[in-house]
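Here the structure comes first, spelled out in structure tokens, and everything after it is commentary.
In this text, all values refer to a predicted model and were calculated from it rather than measured experimentally. For ligands, and for the atoms within them, numbers begin at 1 and follow the listed sequence.
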Amino acid sequence: MINIYRYLHKYLGIVRNNIVKIIPENSFLFKWMTIIGLKINARSCHIPLTSMRIGVYATEHCNLNCRCCTAFSPLADKTFLNIDTYRKDIEKIAELTHNNLDLFYITGGEPLLHPQISDIIIIADQYFPKTAKQIFTNGILLLNMPDLFWETCQKTKIQICLSRYPIKLDIDQIRSKAKAYNVSFDFFGGRDVPIKLMWKYPLDLEGKQSLRRSYNLCTQINTCVTLKDGKIYPCNTIAGIKHFNKYFNAKLEVISDDVLDIYKVEDINEVYSFLARAKHFCRYCNRRGIVLGIPYGSSKKEITEWT
Ligand code: SF4
Ligand code: SF4
């Protein structure tokens, strides 16, 4: 079946990248257009899977400290992906998917902070040689990465995707370096994506949101599936909430139904069914309360950045 919503979402993204040059992100008109875009995006995300994309956090902390970070990285202690656990988990996912995913991505935090980032890429390539692979980075460390990193990217054909924050980066030099190593490089969101303003998807500390409405408006479903410590997390929010809970002494509870133990799964369709249903945790997500166009700035680690 042709997924018309995926096409619509793709082209709306291009429209958005251009319209934002003339309409401020914090205006009512832009918010209204965004809510419509999110609804369409959510429709595209909710179509049941027959294959999937999955990501891992190489680190959960970051060398930037952006306010409203959806990965909660400003609140995270230093956390590096354990290579042995990762290899075991990847092997299990490869077995379940017959070594075939739509996309495998490495993210964070800032993944280039991981001292074994090249190993992480190589392991992904060993188990998913035919799958498209991407690494998402803020780019700060790119020009200091050793030759081994660039050679690994070249050999595994992983694409480097740069999130476009308003920070000082020599993009021309990064492009030249990627070109010299024959490594694919682009901005996350596409070549014409505007420099980032921040968006806030507020959490409801009391968990009083309609679970169904939050889920129906959620654009992380099926697209931000995270593999961590033997479990599949359906979204970044559940995957990172422990940092929020720890920092603010909050109690946004993740229950066993919110995550899936991959070692109890025998058939990939169990994963797709798990991803296709609303989670207990969705009641903490106030998806309608989205705040757009927040000027980029450093996190002060105040709870209001996430609520
Ligand atoms: S660069 Fe990305 S992961 Fe790092 S703090 Fe900023 S928003 Fe979070
Ligand atoms: S908890 Fe539910 S609504 Fe919130 S981001 Fe995750 S899947 Fe989406």
message = Less than 4.0 Å is my threshold; does some heavy atom of G109 fall inside it relative to ligand 1?
response =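 The answer is yes, since G109 has a heavy atom less than 4.0 Å from ligand 1.
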query = Below 4.0 Å from any atom of ligand 2, is there a heavy atom belonging to S214?
reply =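 Yes, S214 has heavy atoms under 4.0 Å from ligand 2.
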task = For K279 and ligand 2, answer yes if some heavy atom of the residue is under 4.0 Å from a ligand atom, otherwise no.
result =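 Checking ligand 2 against K279, which is what was asked, there is no heavy-atom contact under 4.0 Å.
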Below 30° counts as parallel, above 60° as perpendicular, anything between as tilted: where do the rings of [X] and [Y] land?
X    : Y    : result
Y284 : H280 : perpendicular
W306 : F244 : perpendicular
Y165 : Y296 : tilted
F104 : Y86  : tilted

query = Any donor and acceptor pair, going by atom type alone, linking the side chain of K88 with main-chain N or O of D229 inside 3.5 Å?
reply =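 Looks like no, no N/O pair under 3.5 Å.
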Those atoms of ligand 2 less than 4.0 Å from some heavy atom in R287 =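 Numbered from 1, ligand 2 contributes 5 (S).
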Give me the residue, atom name and distance of the protein heavy atom closest to [atom].
atom                    : result
atom 5 (S) of ligand 2  : T237 OG1, 3.4 Å
atom 4 (Fe) of ligand 2 : C285 SG, 2.3 Å
atom 7 (S) of ligand 2  : I221 CD1, 3.4 Å
atom 8 (Fe) of ligand 2 : C218 SG, 2.3 Å

request  = Tell me which part of C282 gets within contact of ligand 2: side chain, backbone, both or neither, using heavy atoms under 4.0 Å.
outcome  =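 The answer is both.
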ask   = Do E302 and K300 meet the salt-bridge criterion of a basic N to acidic O distance under 4.0 Å?
value =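 Answer for the salt bridge query: no.
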Presence of salt bridge, K228 and D89, under 4.0 angstrom =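 Judged by the 4.0 Å cut-off on N to carboxylate O distance, D89 and K228 do not form a salt bridge.
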message = Applying the side chain to side chain contact (heavy atoms under 4.5 Å, CB included) criterion to L112, which one of I140, L142, N63 satisfies it?
response =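 With L112 as partner, I140, L142, N63 yield a single side chain to side chain contact (heavy atoms under 4.5 Å, CB included), made by L142.
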query = Of all the atoms in ligand 1, which lie at a distance below 4.0 Å from a heavy atom belonging to L64?
reply =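 Taking each heavy atom of L64 in turn, ligand 1 has 1 (S), 5 (S) under 4.0 Å.
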query = Going by the atom numbers of ligand 1, which of them fall below 4.0 Å from some non-hydrogen atom of C69?
reply =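 Once the distances to C69 are compared, the set is 3 (S), 5 (S), 7 (S), 8 (Fe).
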ask   = Between K133, K157, K155, which is the residue that forms a side-chain hydrogen bond (donor to acceptor under 3.5 Å, both in side chains) with D125?
value =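 Testing D125 for a side-chain hydrogen bond (donor to acceptor under 3.5 Å, both in side chains) against K133, K157, K155 leaves exactly one candidate, K133.
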query = Checking only N/O/S atoms, does C235 have one that is under 2.8 Å from atom 2 (Fe) of ligand 2?
reply =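 No, outside the cut-off.
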inquiry  = Could you work out, for atom 2 (Fe) of ligand 1, the closest of Y165, Y296, F188 by heavy-atom distance?
reply    =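 Comparing heavy atoms across Y165, Y296, F188, the nearest one to atom 2 (Fe) of ligand 1 lies in Y165.
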ask   = Which one holds for C66 and ligand 1: side chain close, backbone close, both close, or neither close, with close meaning a heavy atom under 4.0 Å?
value =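 It is both backbone and side chain that touch ligand 1.
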